[in-house]
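Each remark here refers to the structure printed beneath this line.
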Amino acid sequence: MPEGHVVHRQARELNKLFTDRIVEVSSPQGRFAKSASVLNETKFAKSRAYGKHLFINFEHGEVIHIHLGLYGKWTFLNHTPEPVGLIRLQISTPESCAQLRGPNACTLISPAEVKTMRAKIGPDPIRRDDPSAAREKVLASSTPIGVLLMDQTLFAGVGNIYRAEALFRAGINPQIQGKELTSKQFDLMWNDLVELMKIGVRRGRIDTVRPEHMPQAMKRAPREDRHGGEVYVYRRTGLPCFICSSEIAESDMRGRNLFWCPTCQK
DNA sequence: GGGGTATGAAGAC
DNA sequence: TCTTCCTACCCCA
């Protein structure tokens with residue numbers, strides 16, 4: 001259940017384990033079996049992450065496109081066990097094994113299709129892409145900024161947690177239209193995402209609480225969050241804001257859970 | 001054992 | 001805006 005930082009980490013891990021290695025490729029669950037058999041015993045070239053999309057290149061130009069969706073998950077092991085659960089894709093060498101479960105997408109695509117997909121992926125804060133085009137679109141949009149932040153053509157790799165946390169840190173109400181933001185606010189938020197997501201890639205978790213608010217954050221109930229990081233608002237509904245003590249609010253925004261502080265994000 | 005939930009996004013209306 | 005897809009895990013009985 002990843003946002004962009006996780007996918008970038010997975011791309012690195014796959015490269016570490018398999019780049020330039022002849023790999024076994026299989027699909028124990030069967031749904032990717034035909035493509036897997038084409039790639040089996042060929043050389044793994046390189047994996048790359050763009051936003052939440054992962055592309056794996058093989059020696060003869062074949063590419064696997066993977067999108068984890070809500071449930072997708074990679075497991076990395078130093079041995080190849082008997083399959084447990086539904087494994088869509090397994091890549092292995094005698095020393096390493098990567099198992100993919102529950103992806104939204106796992107397909108063999110052509111270089112031309114890679115190009116088409118890449119064109120639809122917007123600037124990625126982790127790749128330090130140029131956000132100029134996204135800035136222009138956001139500042140002209142009558143769509144709420146909370147919706148725009150989830151638009152992968154504008155903010156590739158940003159998901160529900162980074163959305164909520166970036167808006168909180170900027171003191172911006174999620175309902176505000178894109179065009180109500182100033183250029184400066186956009187840049188501050190973009191640069192903040194660059195920083196937050198860089199930390200996310202390094203640590204493998206989402207931490208957004210500034211040092212001065214950590215004492216309040218550490219006082220919370222130990223079971224309060226299960227996503228692993230220290231955050232201001234994500235899944236803290238009804239709990240006191242670390243800055244103003246107001247209750248964190250939750251609502252539905254276009255089918256996704258939205259969290260914010262009604263006081264700090266007027 | 002069943003129901004609800006989840007860090008996502010495409011496609012049908 | 002709604003439905004669908006994909007899987008594991010948690011909570012409750």
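Per chain, numbering begins at 1; letters A, B, ... match sequence-line order.
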Side-chain (A:Asn15) to main-chain (A:Ser47) donor-acceptor, under 3.5 angstrom: yes
Length of the line joining A:Ile66:CD1 and C:dC5:P, which is rounded to integer Å: 21 Å
A:Arg169 and A:Arg210: CA distance, side-chain angles, deciding distance, side chain to side chain contact (heavy atoms under 4.5 Å, CB included) verdict: CA-CA 9 Å; A:Arg169 285 167 58 99; A:Arg210 297 185 172 99; 3.6 Å; yes
Between N or O atoms, less than 3.5 Å apart, protein on one side and nucleotides 10-13 of chain B on the other: list the pairs.
none

Linked, directly or transitively: A:Leu89 and A:Phe76 (ILVMFWY side chains, under 4.5 Å): yes
Candidates B:dT7, B:dA9, C:dT7 - which lies nearest the side chain of A:Arg101: C:dT7
Any A:Gln29 side-chain N or O less than 4.0 Å from OP1/OP2 of C:dC6: no
Listed nucleotide nearest any side-chain atom of A:Arg88, set B:dA6, B:dA9, C:dC6: C:dC6
Sugar-phosphate only, base, or nothing, as touched by A:Asn104 at under 4.0 Å among non-hydrogen atoms: base
Whether A:Tyr232 and A:His213 hold their rings parallel, tilted or perpendicular, with breakpoints at 30° and 60°: perpendicular
Interatomic distance at C1', C:dA8 relative to B:dA10, whole Å: 22 Å
Shortest side-chain distance from A:Arg254, nucleotide among B:dA6, B:dA9, C:dT1: C:dT1
Sugar-phosphate, base or nothing in reach of A:Arg31, heavy atoms under 4.0 Å: sugar-phosphate
Sugar-phosphate only, base, or nothing, as touched by A:Ile161 at under 4.0 Å among non-hydrogen atoms: base
Pairwise P distance for C:dC6 and B:dG1, with rounding to whole Å: 23 Å
Any A:Asn257 side-chain nitrogen or oxygen under 4.0 Å from OP1 or OP2 of B:dT5: no
Sugar-phosphate only, base, or nothing, as touched by A:Glu165 at under 4.0 Å among non-hydrogen atoms: nothing
Interatomic distance, A:Trp74 CH2 vs C:dA8 C1' [rounded to whole Å]: 17 Å
Interatomic distance at C1', B:dA9 relative to C:dC9, whole Å: 22 Å
side-chain hydrogen bond (donor to acceptor under 3.5 Å, both in side chains) between A:Tyr50 and A:Arg118, worked out: CA-CA 8 Å; A:Tyr50 292 90; A:Arg118 285 275 312 277; 3.3 Å; yes
Reported CD-to-CD1 distance for the pair A:Gln185 and A:Ile145, which is rounded to 0.5 angstrom: 9.5 Å
Under 4.0 angstrom between A:Tyr234 side-chain N/O and B:dT7 OP1 or OP2: yes
Spacing of the C1' atoms in C:dT1 and B:dT7 (rounded, Å): 22 Å
Distance test, side-chain N/O of A:Lys73 to OP1/OP2 of C:dA8, below 4.0 Å: no
Candidates A:Tyr162, A:Phe259, A:Phe168, A:Trp260 - the one meeting ring-ring contact (aromatic ring centres under 6.0 Å, His included) with A:Tyr234: A:Phe259
No-H, no-angle donor-acceptor pair, A:Tyr71 side chain to C:dA8 base, under 3.5 Å: no
Pairwise P distance, C:dT3 and B:dT5 [rounded to whole Å]: 16 Å
A:Ile121 side, atom CD1; A:Thr153 side, atom OG1 - distance, nearest 0.5 Å: 10.5 Å
